[in-house]
Amino acid sequence: MTSELRRLNQVLRHKGGCVLPLRWGDDRALVYFYRPKMLEQDLRNDLALKLLTECGYACGNPNSCIAQLIVRLRDGQDFPHEVGLFLGYPPADVDGFIHRKHACKLSGIWKVYCDVEGASRQFARCKRCTEVYMQRYQQGYSLDKLTVTD
């Protein structure tokens, strides 16, 4: 598994991507694919910083936040709710999910507490993208060919 992740990182690095194992166990791994530049931008958001700080993160840089996420995944019983911030979910929706201020307005890839119209459009884009990528993958396209440059 480690050699495969190294190979994937070599393939994806020139396109701005990175793959990290977040948790191992029982012949399985939870793998995180992300774009470091996008994550850095996402974690600069004031609400994202506030939420991460509330969850005990020292928000010096994205790499230290990922390291802390790995520890939380390893040590915790529950899946950390702040993981949405690492997946590009809107911080307001992550905040709504963590604090359950009110009922969610829409449920899809994530639970939506704020911008229903924007989230609906994003859900549709993700669904269409997934369909196209799965079709291309089944046609034999490599991960390198499927990954666009950031």
Side-chain angles (χ1 to χ4, degrees), residues 1-98 106-113 115 118-150:
M1 177 62 116
T2 304
S3 61
E4 179 63 16
L5 290 176
R6 270 194 221 108
R7 189 191 69 72
L8 279 174
N9 275 316
Q10 289 173 348
V11 168
L12 298 174
R13 186 171 297 132
H14 73 280
K15 294 195 175 191
C18 186
V19 178
L20 287 175
L22 296 179
R23 183 166 54 183
W24 301 88
D26 300 327
D27 298 324
R28 299 187 312 185
L30 176 61
V31 178
Y32 177 43
F33 173 83
Y34 71 105
R35 295 180 183 274
K37 288 180 184 176
M38 290 178 74
L39 180 63
E40 183 175 356
Q41 181 179 345
D42 289 346
L43 297 186
R44 277 193 205 132
N45 175 281
D46 289 339
L47 182 54
L49 287 169
K50 178 182 176 285
L51 292 169
L52 289 171
T53 301
E54 285 176 5
C55 293
Y57 289 75
C59 300
N61 66 57
N63 291 333
S64 67
C65 288
I66 291 171
Q68 288 174 276
L69 177 63
I70 291 170
V71 169
R72 288 179 57 85
L73 283 164
R74 183 189 65 215
D75 295 344
Q77 297 279 350
D78 297 323
F79 207 80
H81 298 317
E82 72 275 7
V83 73
L85 299 170
F86 294 86
L87 300 174
Y89 298 175
D93 290 334
V94 176
D95 180 52
F97 186 76
I98 289 172
L106 178 69
S107 187
I109 298 170
W110 67 86
K111 290 187 186 272
V112 179
Y113 293 83
D115 181 9
S120 293
R121 287 191 301 273
Q122 184 65 20
F123 292 168
R125 282 191 296 269
C126 288
K127 180 180 180 197
R128 180 68 183 134
C129 186
T130 299
E131 290 168 354
V132 169
Y133 274 67
M134 289 303 296
Q135 180 183 36
R136 299 271 160 73
Y137 181 75
Q138 290 169 351
Q139 292 171 347
Y141 282 67
S142 68
L143 185 59
D144 184 43
K145 295 279 189 225
L146 291 171
T147 305
V148 296
T149 304
D150 64 348

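This chain uses plain numbering: 1 for the first residue, then up along the sequence.
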Exercise. With no hydrogens and no angle check, is any side-chain donor or acceptor of Y32 less than 3.5 Å from a backbone partner on I66?
Worked result: no

For this session: Can you measure from CD1 (I98) to CG (L85) and round to the nearest 0.5 angstrom?
Result: 6.5 Å

Problem set entry | Taking every non-hydrogen atom, the tightest pair across L22 and L73 | CB-CD1, 3.6 Å

Exercise. Between the main-chain N or O of C18 and the side-chain N or O of N9, is there a donor-acceptor pair closer than 3.5 Å?
Worked result: no

For this session: Give the minimum heavy-atom separation between R44 and L49, together with the two atoms involved.
Result: O-CD1, 3.6 Å

Seminar exercise, completed: Here the pair of heavy atoms bringing L43 nearest to F86 is CD1-CE2, 4.2 Å

Problem set entry | Heavy-atom closest pair, residues N45 and L47 | OD1-N, 2.8 Å

Exercise. For F33, does the CZ atom sit with more than 12 other heavy atoms under 6.0 Å from it, leaving out its own atoms?
Worked result: yes

For this session: Could you pull out all residues at least two apart from D95 that satisfy side-chain hydrogen bond (donor to acceptor under 3.5 Å, both in side chains)?
Result: H99, K101

Exercise. If you take all heavy atoms of L51 and P91, which pair is closest and at what distance?
Worked result: CD1-O, 3.7 Å

For this session: Give the minimum heavy-atom separation between P36 and G16, together with the two atoms involved.
Result: CD-O, 3.4 Å

Exercise. Could you state the interatomic distance from OG (S3) to CG (L8), rounded to the nearest 0.5 Å?
Worked result: 10.0 Å

Exercise. Roughly how far apart are R35 CZ and D42 CG, rounded to 0.5 Å?
Worked result: 12.5 Å

Seminar exercise, completed: For Y57, the side-chain hydrogen bond (donor to acceptor under 3.5 Å, both in side chains) test, sequence neighbours excluded, returns E82

Exercise. Which residues satisfy the ring pair (Phe, Tyr, Trp, His ring centres under 6.0 Å) test with F123, sequence neighbours excluded?
Worked result: W110

Exercise. If you measure from the Lys or Arg side-chain nitrogens to the Asp or Glu carboxylate oxygens, is any gap between K37 and E40 under 4.0 Å?
Worked result: no

Problem set entry | Point-to-point distance, once rounded to the nearest 0.5 Å, from CG of L52 to SG of C65 | 5.5 Å

For this session: I would like to know whether R72 and V83 meet side-chain contact (heavy atoms from CB on, under 4.5 Å); could you show each step before the answer?
Result: CA-CA 10 Å; R72 288 179 57 85; V83 73; over 6 Å; no

Exercise. Listed by chain and number, what are the side-chain hydrogen bond (donor to acceptor under 3.5 Å, both in side chains) partners of R125, not counting sequence neighbours?
Worked result: Q122

Exercise. What is the distance from atom OG1 of T147 to atom CZ of R13, rounded to the nearest 0.5 Å?
Worked result: 13.5 Å

Problem set entry | R74: partners by side-chain hydrogen bond (donor to acceptor under 3.5 Å, both in side chains), with sequence neighbours left out | none

Problem set entry | Inter-residue atom distance I109.CD1 - L87.CG, 0.5 Å rounding | 10.5 Å

For this session: Tell me, please, which residues at least two apart from Q41 pass side chain to side chain contact (heavy atoms under 4.5 Å, CB included).
Result: none

